[in-house]
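Sequence positions, counted from 1, serve as the residue numbers for this chain. Predicted model only: the values in this text are computed from it and were never measured. Values below: all heavy atoms of this structure, side chains included; hydrogens, waters and symmetry mates excluded.
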Amino acid sequence: MSKHAQHVPWWQDAVIYQVYPRSFADADANGMGDLRGVASKIGYLKDLGVNAVWLSPFYQSPQADAGYDVADYRQVDPLFGTLEDFDDMLARAHAEDIRIIVDLVPNHTSDEHLWFQQALAASPGSPERDRYIFRDGQGPAGDVEPNNWQSLFGGPAWTRTTNADGSPGQWYLHLFDTKQPDLNWDNEEVHAEMRSVLRFWLDRGVDGFRVDVAHGMVKAEGLPDWSEKVSMVQGNEEAAAQATPPYFDQEGVHAIYEEWNAVLAEYDGDRMMVAEAWVEPMERIFRYVREGEMQQAFNFGFLLAGWNAQNIVENVTETLAEAAVVAAPPTWVLSNHDTVRHCSRFGLTDPTSFPKGIAAQDEQPDEALGAARGRAAALIMFALPGSAYIYQGDELTLPEHTTLADELRQDPSFFRT
């Protein structure tokens, strides 16, 4: 063996624990989880053997989409505490050799973000509007959407603005909720701002970023019509049958990640990025982790394999082969905040099914069977090479809440559909 052992970055084989701040730990007992609650559980996470914590969004936000509608990328929402609370949590984690990964939402902002408010107040063709994707409508009166794109949350992906004099104005694009206008990544100011946001959190000491909708951001030139139905989270058959829409997995996204990779390289400590990229086939996922881009990408095929040995074997075989091509570590995940927990899915009559949710009127999972299968699946996952992502509570085989009354839901895609 060499006298100087080769340096292996921490993220090559880490166990990374996803915390959804609002529902993890509530330090002030007001019914909402918070950053001080996360800090109070660092010892528990250390005992679990966790190497890093991925925090879902805690930024200033009107919470139209559980914080994925960011109004200020540099502020903590008062729901979750303060920047000082964040710094304290980070320091406690680092003291226990636990890294902190924060969620970054670069495809869209909140409609309450200062930039979008400036855009609404500005005129068509202005620099303020060019930070987003504004277009004139079609038809003599401009009252038809600029194209036929549909929101992933249901309904048209365009909303019309109202001018100061009360007359109908231009339309803006939002691939998600109406309150989540898409940024225009053809604009250099957008690039510069997001590099600045990266540096803000890197300067505070964060160890990495989970990049939301990492296959989004860049749209095909001319915004051509696309009539296929698209959803982020879908079963294997749906994904395999789907062609690439003109707003996902475009070549231009890779230049963005090369740019960000260079920013991370300015900092010591093996800072990293992990891509949330729902793309097919597997070879295209691993394009996000080529040399000079990201360090990891979520392996959603493993999550979608369900409780089926053949599906799991096929995914593991393909994952390891494609990871070797680009010399990147594979990742494994069974559940996250966008999916029904695997311990509940595995307790259904068809344990390979992938319901969007389980309501009181739907088939109810066999909780004991799902938990047993969930433990076995976790055993497989943790035995595989690479990094394992675990969703809060999965270490306890927690089931999904399957009898929640509809009026208590807060999911925008539920209401838009």
Under a 3.5 Å threshold, yes or no: a donor from one side chain and an acceptor from the other, between [X] and [Y]?
X      : Y      : answer
Asp270 : His7   : yes
Thr319 : Asn299 : yes
Asp249 : Tyr288 : yes
Arg210 : Gln18  : no
Asn107 : Asp212 : no
Asn51  : Tyr17  : no

Self-check item: Listed partners of Asp88 passing salt bridge (charged side-chain N to carboxylate O under 4.0 Å, His left out), at least two apart
Solution: Arg92
Under 3.5 Å, is there a donor-acceptor pair between the side chain of [X] and the main chain of [Y]?
X      : Y      : value
Ser61  : Gln63  : yes
Gln296 : Trp11  : yes
Glu293 : Glu258 : no
Glu189 : Asn187 : no
Asp87  : Glu84  : no
Tyr73  : Val105 : yes
Asn311 : Asn315 : no
Asp207 : Ile100 : yes
Asp34  : Ala27  : yes
Tyr172 : Thr178 : yes

Practice problem: Starting from the C-alpha separation in whole Å, work towards a yes-or-no answer on side chain to side chain contact (heavy atoms under 4.5 Å, CB included) for Cys343 and Glu400. | Solution: CA-CA 8 Å; Cys343 286; Glu400 192 79 11; over 6 Å; no
Show me the donor-acceptor pairs, under 3.5 Å and distance only, between side chains in residues 152-161 and residues at least two apart or in other chains.
{"from": "Trp158", "atom 1": "NE1", "to": "Asn147", "atom 2": "OD1", "distance (Å)": "2.7"}
{"from": "Thr159", "atom 1": "OG1", "to": "His174", "atom 2": "NE2", "distance (Å)": "2.7"}
{"from": "Arg160", "atom 1": "NE", "to": "Gly169", "atom 2": "O", "distance (Å)": "2.7"}
{"from": "Arg160", "atom 1": "NH1", "to": "Gly142", "atom 2": "O", "distance (Å)": "3.4"}
{"from": "Arg160", "atom 1": "NH2", "to": "Ala141", "atom 2": "O", "distance (Å)": "3.2"}
{"from": "Arg160", "atom 1": "NH2", "to": "Gly142", "atom 2": "O", "distance (Å)": "3.2"}
{"from": "Thr161", "atom 1": "OG1", "to": "Gln170", "atom 2": "N", "distance (Å)": "3.2"}
{"from": "Thr161", "atom 1": "OG1", "to": "Gln170", "atom 2": "O", "distance (Å)": "2.8"}

Quiz item: With side chains defined as the heavy atoms from C-beta onward, is the minimum distance between Thr82 and Phe86 less than 4.5 Å?
Solution: no
Quiz item: Tell me, do Phe134 and Pro181 make a side-chain contact under 4.5 Å, heavy atoms counted?
Solution: no
Quiz item: Can you name the residues that form a side-chain hydrogen bond (donor to acceptor under 3.5 Å, both in side chains) with Glu322, not counting sequence neighbours?
Solution: none
Quiz item: Should the pair Arg135 and Trp171 be classed as cation-pi, given the thresholds of under 6.0 Å to the six-membered ring centre and 45° from the axis?
Solution: no
Exercise. Evaluate the criterion side chain to side chain contact (heavy atoms under 4.5 Å, CB included) for residue pair Gln118 and Phe116; output intermediate values, then yes/no.
Key: CA-CA 5 Å; Gln118 291 172 340; Phe116 194 71; over 6 Å; no
Quiz item: After noting the C-alpha distance and the side-chain angles of Tyr59 and Phe80, does the key distance pass the side chain to side chain contact (heavy atoms under 4.5 Å, CB included) rule?
Solution: CA-CA 8 Å; Tyr59 312 110; Phe80 306 121; over 6 Å; no
Exercise. Supply the atom-to-atom distance Asp77 CG to Asp72 CG, rounded to the nearest 0.5 angstrom.
Key: 10.0 Å
Practice problem: Give the intermediate values and the outcome of side chain to side chain contact (heavy atoms under 4.5 Å, CB included) for residues Tyr389 and Phe298. | Solution: CA-CA 9 Å; Tyr389 282 79; Phe298 288 134; 3.5 Å; yes
